[in-house]
> 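Before anything else, here's the structure in question.
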Amino acid sequence: MDLRELLPEHVAEVLNKWGITRLFPPQEEVAKRGLVTSGNFVLASPTASGKTLAAEMAMVNDLLKGGKAVYVVPLRAIASEKYNSFKGRYGSLGFSVRVSVGDYDSSEEPLGRHDLIITTYEKLDSILRHGPSWISALTTVVFDEIHFVHDAERGPTIEMTIAKLMDANPSVRRIALSATIGNLEEISSWLEAEPVAVGWRPVPLRVGAYAYGVGRILWSDGGDEKIHKATGIPEVDLALRTIASGGQAIVFYPTRRSAVAGASKIARAISSTLVRFDREAAQSLAESILKEEPQSRVIERLAEVVRRGAAFHHAGLSHGARVKIEEAFRRGILLAIAATPTLAAGVNLPARTVIIKSHKRYDRTKGRSAPISVMEFHQMAGRAGRPGFDEIGEAIVLASSRREAEELLTIYAADNLEPITSKLDDPSKFRTHLLSLIVLRSPVKPSDLADFVKKTLLYIERGEHAVSGLIPSSLDFLIREGFVESTSGGRLAATRFGVRTSQLYIDPVSAVMMARGLERMPSVGEGELEISVLHLIGLLPDMYRVAIRARESERIEEILEELEPLLPPEELPIEIAVNWFSAVKMAAVLRAWLNEAPEALIEETYGVEPGDLRSFTEVATWLSYAFSEIARLFGKVREARYLRQLSARMKVGVKPELLQLTAVPGVGRRRARALYEAGYRTLSDLASADPKRLQRIPGIGSKLAENIIREAKALLER
DNA sequence: CCTTCCTTCCTCTAGACAGCATGTC
DNA sequence: CTAGAGGAAGGAAGG
């Protein structure tokens with residue numbers, strides 16, 4: 001097909017320049033309907049079918065006409081994936097591309113200067129809360145993976161961010177993408193966009209259910225396949241089937257523990273069946289993991305299986321280990337990955353066969369195991385089929401009997417995806433966003449707020465009665481707690497407390513807890529202060545909850561003795577107070593980190609794996625910073641300074657005396673401690689150090705020594 | 001007497017977004 | 001009405 005038949009000339013030229021000479025059905029459809037040059041659309045089409053390019057054609061068109069675009073994604077990993085693919089393409093056209101997410105920004109310049117900004121929904125929300133002028137100059141916005149609106153935790157934020165953006169800039173062009181939308185029409189009407197549904201896949205997918213009782217896969221297309229029971233472990237036999245025919249498999253398990261155990265079983269099966277693979281590459285991968293990742297039990301177990309051509313993948317792994325596994329799988333060094341659902345939503349990592357060990361998973365909210373949704377099944381199945389390598393992708397779910405297999409096929413093989421529904425009716429989520437809206441428009445007429453709510457998906461789906469009660473009850477809360485006040489003209493104005501809370505991006509309940517906690521801080525003894533502050537942080541609704549294991553209860557009680565609570569439990573709402581003990585454990589974990597306990601020790605003592613520890617400390621860094629800002633707001637200078645330092649320590653995991661040293665790029669908690677013990681205690685000690693002496697410190701080579709000295713000098717000069 | 005396999009009972013459960021701009025006493 | 005599997009501990013069988 002000649003692109004020029006479908007596309008305006010300049011876009012066709014751009015695609016040629018990028019080496020794209022052929023369009024795939026989703027892109028054709030968008031082009032045919034004239035959506036390249038104008039109009040809003042929601043594109044529902046399978047994973048890897050080229051949704052991004054369809055959106056890009058529209059973006060490029062708008063950018064070429066002097067526009068400005070934002071590409072919004074739900075995960076930081078996807079943001080960096082998009083950034084890496086966009087920066088070359090668009091850079092070569094003279095556009096400046098930037099990625100801005102919570103922990104990383106590719107540029108220091110004002111956001112308004114860039115043509116294409118890639119960001120997460122939450123970051124966009126945060127940007128909107130600061131009310132930058134360039135929002136009105138935006139011409140195009142792409143909402144990627146829009147089905148995340150359905151998520152109970154993050155969905156409300158995503159929904160409100162979209163609504164706020166449409167409200168702040170009604171003429172902005174909206175493009176939404178997803179592989180799994182059950183109610184395309186409804187989502188389209190919310191965004192006032194044209195629905196475009198395309199079923200085409202780059203690699204066809206067939207769905208099967210393995211009735212392991214009878215050793216047969218029932219395929220959705222009618223086939224019936226006998227499976228060789230080499231090990232008798234159903235998912236392992238299926239993985240071997242794929243591996244033996246030269247393919248790769250991803251096995252999804254419902255828990256981390258079963259994924260880790262599964263990887264061992266697969267590794268053992270690979271060893272015993274003489275499958276050929278690059279043992280040398282696997283070996284060196286295992287070594288690099290052991291050498292470069294935080295030494296701990298999970299990492300050791302990972303290295304053990306990697307040597308034999310398999311791996312597990314879950315959020316307890318350090319970021320580096322996950323990336324190494326993904327990359328090695330792409331290069332074919334690993335034959336199979338035993339994964340938790342991390343791999344379904346994250347970066348693009350296809351395999352010939354996707355095996356779903358269990359269609360049920362424990363559901364915390366229900367307190368028992370429940371079937372996974374069709375949407376989630378399709379997220380996992382979407383990983384099946386490597387374009388250019390596999391002729392067909394397979395997604396196989398396990399079933400015990402033929403009967404169950406048939407049932408599962410009727411549920412999961414059909415295209416009966418659940419509708420994406422709003423979760424904004426959660427009062428605690430709603431009031432957080434109502435505050436941000438009032439801050440942005442302060443002083444605002446209450447009727448304007450009511451009008452705004454009509455722009456939400458909640459209103460589209462459920463109508464007036466679903467939203468009518470939300471505003472008054474949220475306003476009560478916001479006024480009572482001092483975030484908002486009514487002015488003489490009958491308008492609502494945000495207080496300084498309200499403004500700061502919204503900008504710090506914390507839950508108003510967190511802000512209230514911080515403000516109350518500050519009152520008690522001066523009376524807490526110096527020895528108890530650290531653990532008591534950490535406990536408060538552990539209680540905040542914005543913080544993670546850490547699970548307490550049965551055998552830990554004594555230890556938790558010991559720590560409980562040490563702290564002087566900054567908030568009396570009886571004054572806390574019940575939903576906060578129930579986390580009291582979990583927060584004690586969290587405080588203990590964070591304290592261990594701050595006092596330089598090695599990752600391996602923290603894992604051993606508390607069962608907190610490197611990836612979790614990283615998440616905990618990252619959020620605690622942000623919250624302790626926010627805490628210090630709330631202290632500053634209330635004129636508590638001493639407390640603010642203490643909390644600020646706590647935040648700085650939390651970021652790297654060190655005692656106060658190392659903070660000067662960790663300011664140097666390349667110096668983390670381990671190196672800083674080694675330097676300190678060797679007598680280098682300040683930046684100027686480092687700047688004036690003798691490179692030869694520095695090299696004598698274990699772990700510091702000649703290159704590093706020179707870098708450290710240079711960076712220290714640069715920091716001193718500033 | 002040690003090793004290995006089997007049974008039983010207990011324990012525990014996926015993931016991941018957000019701030020902001022340096023300090024020290 | 002409703003889970004299910006890993007892993008430790010303890011016991012039986014085997015060498």
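Reckoned from all heavy atoms, side chains included, excluding hydrogens, waters and symmetry mates. Note on naming: letters A, B, ... go to the chains in the order of the sequence lines (proteins, then strands), and numbering restarts at 1 for each one.
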> Does A:R555 come within less than 4.0 Å of A:E552, counting only side-chain N to carboxylate O?
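Result for this pair is no, no salt bridge flagged.
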> Using whole Å, what does the distance between atom C1' of nucleotide B:dC17 and atom CZ of A:R545 come to?
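In whole Å, B:dC17 C1' lies 15 Å from A:R545 CZ.
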> Crowded around A:R632 CZ? As in, over 12 foreign heavy atoms under 6.0 Å?
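It does not: A:R632 CZ has 12 such atoms or fewer within range.
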> Going by the angle between their ring planes, with limits at 30° and 60°, are A:Y121 and A:F143 parallel, tilted or perpendicular?
parallel
> Do A:K636 side-chain atoms and A:P522 backbone N/O form a donor-acceptor pair below 3.5 Å?
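Side chain of A:K636 to backbone of A:P522: no pair is present.
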> Once you round it to whole Å, what is the distance between C1' of B:dG19 and CG of A:L646?
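Those two atoms, CG and C1', are 15 Å apart.
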> Would you find a donor on one side and an acceptor on the other, under 3.5 Å apart, between the side chain of A:R98 and the backbone of A:S107?
yes
> Separation of A:H319 atom NE2 from B:dC17 atom P, in whole Å?
11 Å
> Counting just side-chain N and O atoms, does A:H130 come under 4.0 Å of either OP1 or OP2 of B:dG19?
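For B:dG19, OP1/OP2 do not have a side-chain N/O of A:H130 under 4.0 Å.
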> 5' to 3' on DNA chain C, which nucleotides open and close the contacts with chain A (atom under 4.0 Å from a heavy atom)?
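Under 4.0 Å from chain A, the extent on DNA chain C is C:dA3 to C:dG7.
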> Measure CD/A:E618 against C1'/B:dC20 and give the value in whole Å, please.
14 Å
> Just to be sure I understand the rule, does A:K366 reach a base, reach only the sugar-phosphate, or reach nothing, if contact means heavy atoms closer than 4.0 Å?
nothing
> If I take atom CE from residue A:M586 and atom CG from residue A:L534, how far apart are they, to the nearest 0.5 angstrom?
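The CE atom of A:M586 sits 10.5 Å away from the CG atom of A:L534.
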> Can you tell me the distance, in whole Å, between the OH atom of A:Y505 and the P atom of B:dC20?
12 Å
> Under a 4.0 Å threshold between the charged nitrogen and the carboxylate oxygen, would A:K123 count as salt-bridged to A:D103?
no
> Any side-chain N or O of A:S615 under 4.0 Å from OP1/OP2 of B:dG15?
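A:S615 to B:dG15 OP1/OP2: no side-chain N or O under 4.0 Å.
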> Tell me if a side-chain donor or acceptor on A:R669 pairs with a main-chain N or O of A:G653 at a distance below 3.5 Å.
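Indeed, once roles are kept as given, a pair shorter than 3.5 Å links the two residues.
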> Looking at OG of A:S400 and OH of A:Y212, how far apart are the two atoms once the value is rounded to the nearest 0.5 Å?
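Here the rounded value is 5.0 Å.
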> Given B:dT24, is OP1 or OP2 found less than 4.0 Å from the side-chain N or O atoms of A:Q645?
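The answer is yes; a side-chain N or O of A:Q645 sits under 4.0 Å from OP1 or OP2.
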> For the pair made of CE in A:M514 and P in B:dG19, what is the distance, rounded to whole Å?
13 Å
> Looking only at side-chain N and O atoms, does A:S296 offer a donor or acceptor that is under 3.5 Å from a partner on A:E599?
no
> Taking the cut-offs as 6.0 angstrom to the six-membered ring centre and 45 degrees off its axis, would you call A:R649 and A:W593 a cation-pi pair?
no
> Under 3.5 Å, which protein N or O atoms sit close to an N or O of nucleotides 12-14 of chain B? Give each pair with its distance.
unit_1 : atom_1 : unit_2 : atom_2 : d
B:dC12 : OP1    : A:A550 : N      : 3.4
B:dC12 : OP2    : A:A550 : N      : 3.0
B:dA14 : OP1    : A:R256 : N      : 2.9

> Looking only at the aromatic ring of each residue, does the gap between the centers of A:H150 and A:F148 stay below 6.0 angstrom?
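Ring centres of A:H150 and A:F148 not closer than 6.0 Å.
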> I need the CH2-C1' distance between A:W622 and B:dG19, as an integer number of Å.
8 Å
> Dot-bracket for DNA chain B, please. Rules: Watson-Crick or G-U, both distances under 3.5 Å, ( ) within the strand, [ ] when a pair crosses earlier ones, | for another strand, . otherwise.
|||||||||||||............
> Reckon A:R322 has a side-chain N or O less than 4.0 Å from the OP1 or OP2 of B:dA16?
yes
